[in-house]
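A note on names: the letters A, B, ... follow the listed sequences, proteins ahead of strands, and every chain is numbered from 1. Only heavy atoms go into these numbers, but all of them, side chains included; no hydrogens, no water, no symmetry mates.
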Amino acid sequence: MGTPGEGLGRCSHALIRGVPESLASGEGAGAGLPALDLAKAQREHGVLGGKLRQRLGLQLLELPPEESLPLGPLLGDTAVIQGDTALITRPWSPARRPEVDGVRKALQDLGLRIVEMADENATLDGTDVLFTGREFFVGLSKWTNHRGAEIVADTFRDFAVSTVPVSSPCHLRSFCGMGGPRTVVAGSSDAAQKAVRAMAVLTDHPYASLTLPDDAAADCLFLRPGLPGVLPFLLHRGGGDALQKLSDVTLVPVSCSELEKAGAGLSSLCLVLSTRPHS
Amino acid sequence: MTTEVGSASEVKKESDQLGADATKEKPKEAAENQQNQSSDLEEEKDSQSSPSAKSQSSTQRQKRQKDPSESRGISRFIPPWLKKQKSYNLVVAKDGGDKREPTQAVVEEQVLDKEESLPEEERQAKGDAEEAAQRKQQVIKVDIEEEKPSVSSPETQPAEEVRKEEREEEKVKEIQEDKSEEAAKRETKEVQTNELNAEKAVQKATKKTKSVQCKVTLLDGTEYSCDLEKRAKGQVLFDKVCEHLNLLEKDYFGLSFQESPEQKNWLDPAKQIKRQLRNLPWLFTFNVKFYPPDPSQLTEDITRYFLCLQLRQDIASGRLPCSFVTHALLGSYTLQAELGDYDPEEHASHDLSDFQFAPSQTKELEEKVVELHKTHRGLSPAQADSQFLENAKRLSMYGVDLHHAKDSEGVDIKLGVCANGLLIYKDRLRINRFAWPKILKISYKRSNFYIKVRPAELEQFESTIGFKLPNHRAAKRLWKVCVEHHTFYRLVSPEQPPKAKFLTLGSKFRYSGRTQAQTRQASTLIDRPAPHFERTSSKRASRILDGALVGVVDQSLTKDSPGPGEVSAYGRGVVSTAIVQDGDGRRDLRSPTKAPHVHLIEGKKNSLRVEGDNIYVRHSNLMLEDLDKAQEDILKHQASISELKRNFMESTPEPRPNEWEKRRITPLSLQIQGRKGDHLFKDILSMTEKHQMAATRTVEEKAQAADKKRAPESEGPCAGASDAVKSSHETLNVVEEKKQAEVGKDERVITEEMNGKELSPGSGPGDIRKVEPLTQKDSTSLSSESSSSSESEEEDVGEYRPHHRVTEGTIKEEQEEDEEEVEEEPSQASQVVEREAAVPEASPDRHAGASVSAVETVTQEHVVALNIPAEKSVHEGAFKQDVSEDTEDEQHKVNGEVSHVDIDVLPQIICCSEPPVVKTEMVTISDASQRTEISTKEVPIVQTETKTITYESPQIDGGAAGDSGTLLTAQTITSDSVSTTTTTHITKTIKGGISETRIEKRIVITGDTDIDHDQALAQAIREAREQHPDMSVTRVVVHKETELDEGEE
């Protein structure tokens, strides 16, 4: 378990999934997505992978795109990983449920303990789950229900799992994230602030809260590849100056302006994990 | 006995029980006056009681039905008039019954040989119940008869125990049936010795009735037994156990007893064990009560060791959920601590399945444990324990005491009480959290539990959240746990004397132990070489016990959830060598035979659920009706914003470390060895004793404002009163009531009581208190309820404000269990009075709170009437009780009792009557999600508000009701100062040969907001106190008139 918060961002591998053409065309998802500039989206995705691999030094695994799974690149919705355990989610959208298969396989191969959500009544999108290093917050959103959150609690029993109502049509992680072990970063929208307040009530641990003007900017990833003497990284989508207030992290801007049209964010575009979480 | 009333179908049973109660009570009286006259009266009581039994609530019925301790034996078919006889027969056996512990069969024999204690014998008899019951009874009967001629005391005791006896026996039977196999074996043994024992019992019964054998299951699964004086307080036993364990940092621990399979209660150290147990067997488990948030701050390894043992139980039983990895990690530290470094050869000989690392243990887990164990090489047992704790303490459910409940919408939730506050869970999910600083008040009413929380940032009004507990006792238990946790973890602050922290407003229940800060401070003074102790693994212990059967039996009996100990108990039966390690990691091999000696009795598994009861912070006050009403009431309670700010301003809990640090710094002058609670009550005790000794029969009344004054700091009720007054600042009027007024009240009360006769039998003040002020009908039903459950803790209503200062105006005191029992006829009048007083409280009260917070007062007037009833009455009550119970050592005990009673008694009731004007919107929130969206829409309207708050001692002069006595003298003195006018009435009366002095002071404080009314009141109280050091404050009436300003706030 380590020191509280220490586990946050610990990672050795990153998992991403290529952008299929079907995403750009808006087909298949049934989500009425706007058309994307496929090339740009793929470029952005490529840059993300490059930074994860080169800048952060992570082992990068890229799952091949599948045309039948236009939202496949948003694999952050398909699993919740903490330590050596990966909870394979049951996405709210039935169309997306097949996405979990490839991810499951990959995570299994990496040696994680796989936990499935067998309950037919549970829905959970991975990006509704925020792990702070000390506890989990599960956003009860359009995509995630109480039962889904309960399974998170069942899976990660060491940690408190609190539910946070999410009022906006977004995932919890789309407007908040961790800027560090003790810092919650959130956008300034009502939904974001509301969620942050709820979290403040629910937590036993004091977190600093950093409010960013833009919700999307709060969709950041705090990553600690574990290289000795190297500052942890914070992948962000260009949050502006506010993030400069965060100390002890190396800011790594990543653009996903095109992909975000499909609802993607940093938290959904990659899964990070450590194959040796307890060392 | 349970507090709850039985179901309709069980009415008969109930009535029988009541009959038993009556039987019990009667003998007491008989002892006082004459013996052997009670049977007729008893019958009457029975008839009276049964009606009451019928008016029980369904909820409670259900509970009852489940309650194993319910009487279901032959006794229920026996007519009341026969019952008494029977009970007497059983009396002797009763003692044994308490101990009755099937598990102990083997051990018992040993003990018996060397020590022919009555309890032992009886126990055996009990175990044997079915077969030997008859014989035993006969023997016992003889015994009793012999006793009868003797002094009243022996008789009294048996009588009291009759009921217990019956139940015990029945219980035993049930158990035996269930466990026929084991029971059979045990019976055989017992039968053999039974006769002999019985004879001995007969001979010794008279002498031995005073001592009772206690059995305590320790954390390592062993059992500690000792003989206790029957009237011993919980502290005595606890100290003995701690001494046995060589444990100095004992404030984190407690003894619990099992009231029913689902319910475990904490033994209150400050109260007599007997009263808490009611008819339960004297079986306890030693458990961690307050989980240290940072175990590394514990001073001694031995303390950490016991904490480890507790956590292993918690983990194995599933109470402390862990992930697989954590199970493995913690298990590996357990192995390191118990086995030392991983040794491939030795390891082969260990069967890890003997250890329980998780509720359900897999081979995979065991392998993982071993794998991790290898990595701990070099860690000493103490280090391994520390590592274990470092990891365990981070678990989210560490130290969280869960209670099942329903929210306002009937949804099943769990309330978790922990060091930081109250957590609300739905399933496994945390859906809300109320840190202690956010909670303004905790209260319970019947089976409802309420918390009043400070308004959120953008809200103006406090909100009260209600939860429905399975039954009244569960609600009370939860309330107590909250009070204790709050006190323990949060209350020591440098500015206030330790005593102050323990007090809760107007309440009798309070946490009597040290707070964490204090215990930490005390720990720093520990100066002894690290004690050597043996780390006996549960595994080994169990093995040893296997042969004995003891373990198994115990388990069945206790129904504990599986813990490490259990594992052992059920262990494979391998005979074994016990490996014991001391703190230094040395290991010794022990022969199996030796082990038993080391641990007197092993094999008992203690996985008692530390569910819920706490000890001392009890108060109760708020009268809450139904959920809605109650909430309203609470809501309206007045709270002063400034007060709130002062006390709880920290909107966000500080990080633990800081808090701890801060506390550590707090200067404390407590002695390490000091007993819990002793220091707490010192002041009060001294006062009381003084009274007793000197004024023996003279009842004095004083206006002891001083008393109250002081109280705020240390004693609860009084403090509460003054605090309350303070909270409503503005003008203070201290009014002392005249005795006449009081008399009138009493009479009225009596009338009421007549109406609801069912109440009277056995019901103490507490019962009445439960009664809702509102309607007579209501009260009646309540009272009946209480009467049926008189034995158990009566309070239906509890209230606790987690602040040093009380912000509320209305406080109602509840009786403590002790008092409840103590109460007898004479006192009822006073009780009634209280109830009556309560009536006004309800409605007025509810409006108070809101208005205050929302409105700024221009001018306020508080009228405080301090009525200090003579100590006498209190003493009397206590005295009587003692007499009835035990004629022999009353004087002694009386003193002790009195002090106790006195404390509890202080202000019992606070009534608020005030024309409700403003008010608040009631908001119920149980889910964080809803929270932010709730806002109050009703803006308080400005107006003038009048409010009267009355605090009364529960046992206000019992004599007052019946005969008003003869008035000797009366005088009135008036004095003025700047903003206060004080009128003093002194009345002396004689009733029944007892002279009583009553002083009533009326203090009128007038002024605007510039005047610190609180100060003024406090001053007045202080002065009164100083002037009449011997007297106690019986009643405080605060009348406040406030002009509310609109638009303010």
Side-chain angles (χ1 to χ4, degrees), chain A residues 1-7 82-85 87 113 115 122 133-141 145-167 182 190-191 193-209 277-279, chain B residues 293 315 318 320-330 358 364 368 372 375 390-400 411 416 418-421 423-435 438 453 456-458 651-658 925 927-933:
Chain A
M1 295 174 64
T3 304
E6 184 182 275
Q82 196 283 317
D84 66 346
T85 303
L87 171 63
R113 299 171 52 82
V115 177
R134 293 173 172 80
E135 63 194 311
F136 285 91
F137 292 103
V138 180
L140 296 180
S141 67
N145 63 18
H146 180 84
R147 182 68 189 128
E150 198 182 337
I151 292 174
V152 174
D154 262 337
T155 305
F156 304 102
R157 298 189 174 200
D158 290 349
F159 300 93
V161 178
S162 304
T163 55
V164 179
V166 174
S167 51
R182 294 172 182 271
D190 284 349
Q193 290 301 307
K194 210 176 202 173
V196 167
R197 279 197 300 271
M199 288 190 277
V201 166
L202 288 161
T203 185
D204 288 328
H205 310 284
Y207 299 105
S209 167
H278 301 290
S279 60
Chain B
I315 290 168
L320 182 57
C322 296
S323 65
F324 174 86
V325 172
T326 301
H327 276 136
L329 183 62
L330 295 178
E364 183 191 10
K368 185 73 175 173
L372 291 171
T375 68
E390 281 306 294
N391 286 280
K393 77 175 185 187
R394 292 195 201 113
L395 295 170
S396 73
M397 298 305 286
Y398 173 84
V400 177
V411 176
C418 67
N420 293 328
L423 304 169
I424 315 297
Y425 292 92
K426 184 176 176 188
D427 302 316
R428 287 178 170 275
L429 295 168
R430 185 185 295 180
I431 59 172
N432 209 343
R433 172 177 177 273
F434 301 97
K438 277 205 72 175
V453 301
E457 278 181 44
L458 303 177
S651 58
T652 310
E654 296 177 351
R656 279 179 182 169
N658 292 339
I925 308 164
D927 190 322
S929 55
Q930 305 168 11
R931 225 160 170 214
T932 50
E933 294 171 315

Task: Main-chain N/O of E150(A) paired with R428(B) side-chain donor or acceptor, under 3.5 Å - done: no

Open item on the list: Less than 4.5 Å to any heavy atom of chain A: does that hold for the side chain of F324(B), its backbone, both, or neither?
Closed with: side chain

Open item on the list: Quick check: do D204(A) and L423(B) have side-chain heavy atoms less than 4.5 Å from each other?
Closed with: yes

Task: Trace of the side-chain contact (heavy atoms from CB on, under 4.5 Å) decision for H146(A) with D427(B) - done: CA-CA 9 Å; H146(A) 180 84; D427(B) 302 316; 2.9 Å; yes

- [ ] With sequence neighbours left out, write down each residue that passes ring pair (Phe, Tyr, Trp, His ring centres under 6.0 Å) with Y207(A), or none if nothing qualifies.
- [x] none

Task: CZ-CG distance between R394(B) and D158(A), expressed to the nearest 0.5 angstrom - done: 10.5 Å

TODO: Please name the pair of heavy atoms, one in A160(A) and one in S396(B), separated by the smallest distance, quoted to 0.1 Å.
DONE: N-CB, 3.0 Å

- [ ] Ignoring hydrogens and angles, tell me if any N or O in the side chain of R430(B) forms a donor-acceptor pair with the backbone of L202(A) under 3.5 Å.
- [x] yes

- [ ] Can you see which heavy atom on A153(A) is nearest to which on L429(B), and at what distance?
- [x] CB-CD2, 3.8 Å

